[in-house]
Amino acid sequence: EKVFFLSPDVIIDDGADIPASTVIYGDAGSTAESYAQAHGNTFAKVLYSGSANTIEWRIYDNRVMLLSGTGSTGKYNNSKRPWAEYEDSFSDVVVGEGITELGDRTFYAYKKVLKSITLPNTLAYIGASVFTDCTALTEIKLPNNSLTGIGDSAFGGCTGIKHFHIPSSVHYTPDINAIQYNITDSFSGCMGIESITVDWMNTYYRCEDGILYTLDKSAIIFVYDLNGTTLTIPKTVINIQSSALDTCTEIERFECEEGSVYYTAADGVLYANTDQGKMLVMAPKKLAGKLVVPDDVTIVRQNAFNSCTLLTEVQLPSSLTKIEGATFRFCSSLAKINIPESVSYIGQRAFEGCSSLPEVLTITKSVKYIGEYAFNGCTSLKFIYIEPDSVEIASAKIVFPYDAVLICPKSRINDKGEVVGSSTAVDHAIQYGRKYIVRDYLNNSATLGKDFSYNIYALFSDNIKDVVK
């Protein structure tokens with residue numbers, strides 16, 4: 001047990017009857033310390049403290065941190081946490097009564113630092129990525145009467161947690177903007193989950209056959225204990241949260257219950273009929289060899305092929321407009337893929353870890369955006385032809401493999417046909433110190449760029465790679 005005294009001068013009556021096994025927390029030299037010494041209690045003193053908005057924080061000499069106050073802890077998406085300097089000084093956190101929200105990223109990526117958390121009965125919402133990658137966290141007790149929502153990836157990557165109990169108060173609504181009344185992809189990457197239970201008084205969720213559903217089975221929230229290698233989607237399901245299938249590493253095929261309208265399956269791959277067209281939702285992790293994506297598919301969902309390590313070839317259709325984030329991430333055997341001229345977007349980490357891609361890859365003229373880490377870890381890639389002159393490339397050092405040569409258009413041309421500067425690919429290569437070749441389409445020539453040991457002007461040919469060996 002723990003008792004926290006926040007004022008150094010609080011009067012503690014000798015008859016307070018605090019059990020001797022209780023740890024007393026307070027300031028050095030305080031009345032709390034005097035009481036502990038007089039009654040044989042263990043005393044933990046404040047080492048560091050501070051405040052932010054309506055929250056105060058204290059770190060004690062026994063590696064406990066207390067958050068006290070009212071309202072939200074604040075969001076830390078683009079700012080440091082106020083206790084950042086002392087993050088190695090605590091491993092256990094107590095969140096005091098009165099705090100109603102753990103804001104986004106409050107304890108993000110504390111990995112081996114955070115080992116236990118105590119939550120108050122006033123807590124209503126756990127924000128996005130609050131506990132993401134807190135891998136040393138092995139259990140958590142969610143407050144049963146106050147908590148209404150759990151944010152996107154709130155427990156993402158918490159591989160040590162084996163069980164979650166969904167409290168009676170947690171809501172669900174199809175409104176994606178009502179994040180404080182939902183469970184929203186909250187368990188992404190929680191590979192250690194063995195069981196989920198739902199409070200008997202909860203009227204929004206149910207568990208059945210190792211799957212957490214909404215009560216009416218219209219949505220799959222998370223699959224935690226799949227029995228077998230085939231997952232059959234009930235005909236009532238119209239929504240599968242994007243992280244719902246994260247733990248389904250042994251799936252060999254998807255099937256859909258007869259009468260299903262929204263979801264369909266073909267060759268073991270799961271598809272959905274959406275307002276934007278047909279979407280490839282997910283391929284089974286055990287999918288091997290070649291896959292030809294149907295001509296009517298316009299969207300491939302984020303993570304659709306993530307970690308399909310046996311997949312060697314994918315043929316994408318000309319109807320496809322986007323390659324979403326992490327779509328082919330860690331497809332380590334993928335040796336052949338086309339980027340259709342219809343594609344305008346390549347998302348963050350789309351091909352990360354695809355270490356068997358061919359030596360030469362072409363980014364077609366239709367592409368308008370390439371995300372951070374899009375080709376990170378694609379160690380087999382040697383030359384990347386970037387055809388569009390004004391493609392937006394994420395402002396990050398790691399977008400392309402470090403040793404790959406970027407073959408870039410020379411100039412950026414506006415709608416009037418006027419040269420308005422060097423191409424965005426050249427700008428990116430120079431800014432981040434990448435090897436590049438400037439290709440002049442008008443003169444059918446090329447110039448070797450920065451980081452080469454010599455500079456020459458050569459006739460451009462399809463085997464330009466021979467020039468830079």
Side-chain angles (χ1 to χ4, degrees), residues 157 159 188-193 210-211 220 222-233 240-256 263-272 278-295 297 299-317 320 322-340 343 346-362 371 373-382 384 401 404:
T159 53
S188 58
C190 289
M191 307 304 288
I193 292 182
I211 301 175
I220 294 178
F222 197 76
V223 179
Y224 58 89
D225 186 20
L226 181 66
N227 184 18
T229 57
T230 298
L231 177 59
T232 301
I233 308 300
I240 299 175
Q241 291 198 355
S242 61
S243 65
L245 308 175
D246 279 5
T247 64
C248 299
T249 57
E250 300 302 316
I251 284 185
E252 295 180 1
R253 63 183 297 106
F254 290 99
E255 294 181 354
C256 293
Y263 288 98
T264 58
D267 298 323
V269 178
L270 184 64
Y271 299 90
K278 190 172 183 178
M279 174 194 292
L280 192 156
V281 177
M282 182 162 282
K285 301 299 184 190
K286 297 295 184 182
L287 182 67
K290 178 181 178 179
L291 176 68
V292 177
V293 178
D295 290 338
V297 170
I299 307 165
V300 176
R301 187 172 176 174
Q302 184 174 348
N303 287 301
F305 295 92
N306 194 333
S307 300
C308 288
T309 57
L310 302 178
L311 189 64
T312 58
E313 181 180 351
V314 175
Q315 184 176 317
L316 298 173
L320 188 68
K322 282 186 175 184
I323 298 176
E324 296 283 3
T327 295
F328 295 100
R329 193 183 188 199
F330 300 141
C331 291
S332 54
S333 299
L334 185 62
K336 188 175 182 181
I337 190 168
N338 63 309
I339 299 178
V343 169
I346 299 175
Q348 185 182 48
R349 302 183 188 274
F351 293 94
E352 184 176 38
C354 292
S355 53
S356 298
L357 288 176
E359 282 194 0
V360 180
L361 181 73
T362 299
Y373 297 102
F375 296 94
N376 179 43
C378 298
T379 52
S380 58
L381 267 181
K382 303 302 179 187
I384 301 175

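- Nearest heavy-atom pair, T247 versus Y224, reported as atom, atom and distance to 0.1 Å: OG1-CA, 4.2 Å.
- C308 contributes atom SG, which lies 9.0 Å from atom CG of L291 (distance to the nearest 0.5 angstrom).
- Closest approach of A374 and I346 over heavy atoms only: CB-CG2, 4.3 Å.
- Taking CD1 of I193 as the reference point, atom OG1 of T159 lies at 10.5 Å (rounded to 0.5 Å).
- L357 places none of its side-chain heavy atoms less than 4.5 Å from the side chain of F328.
- Across all their heavy atoms, T249 and K285 have their closest contact at O-CB, 3.4 Å.
- Here the closest non-hydrogen pair linking S356 and S380 is C-OG, 3.4 Å.
- Using a 4.0 Å cut-off between charged side-chain N and carboxylate O, E313 and K290 make a salt bridge.
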Quiz prompt | Verdict with supporting geometry, F351 and L361, side chain to side chain contact (heavy atoms under 4.5 Å, CB included) | solution = CA-CA 12 Å; F351 293 94; L361 181 73; 5.9 Å; no
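- For the pair T362 and I339, the tightest heavy-atom approach, listed with the atom from each and the gap, is O-CD1, 4.0 Å.
- A side chain to side chain contact (heavy atoms under 4.5 Å, CB included) with P284 holds for exactly one of L310, T229, V269; it is V269.
- When every heavy atom of V281 is checked against every heavy atom of Y271, the shortest pair comes out as CG2-C, 3.9 Å.
- The pair E250-K286 counts as a salt bridge, with a side-chain nitrogen and a carboxylate oxygen less than 4.0 angstrom apart.
- In this structure, N338 contributes its side chain and L316 its backbone to a donor-acceptor pair below 3.5 Å.
- Side-chain contact between L270 and I233 is present, with heavy atoms from C-beta onward closer than 4.5 Å.
- Looking at T327, its side chain never comes within 3.5 Å of a backbone N or O of A304 through a donor-acceptor pair.
- Atom-to-atom distance recorded for I299:CD1 and L280:CG is 10.5 Å, nearest 0.5 angstrom.
- In this structure a side-chain-to-backbone donor-acceptor pair under 3.5 Å is missing from D225 to G210.
- Within the 4.5 Å cutoff, no side-chain heavy atoms of T309 are placed close to those of F330.
- Between L231 and M282, every side-chain heavy-atom pair lies at or beyond the 4.5 Å cut-off.
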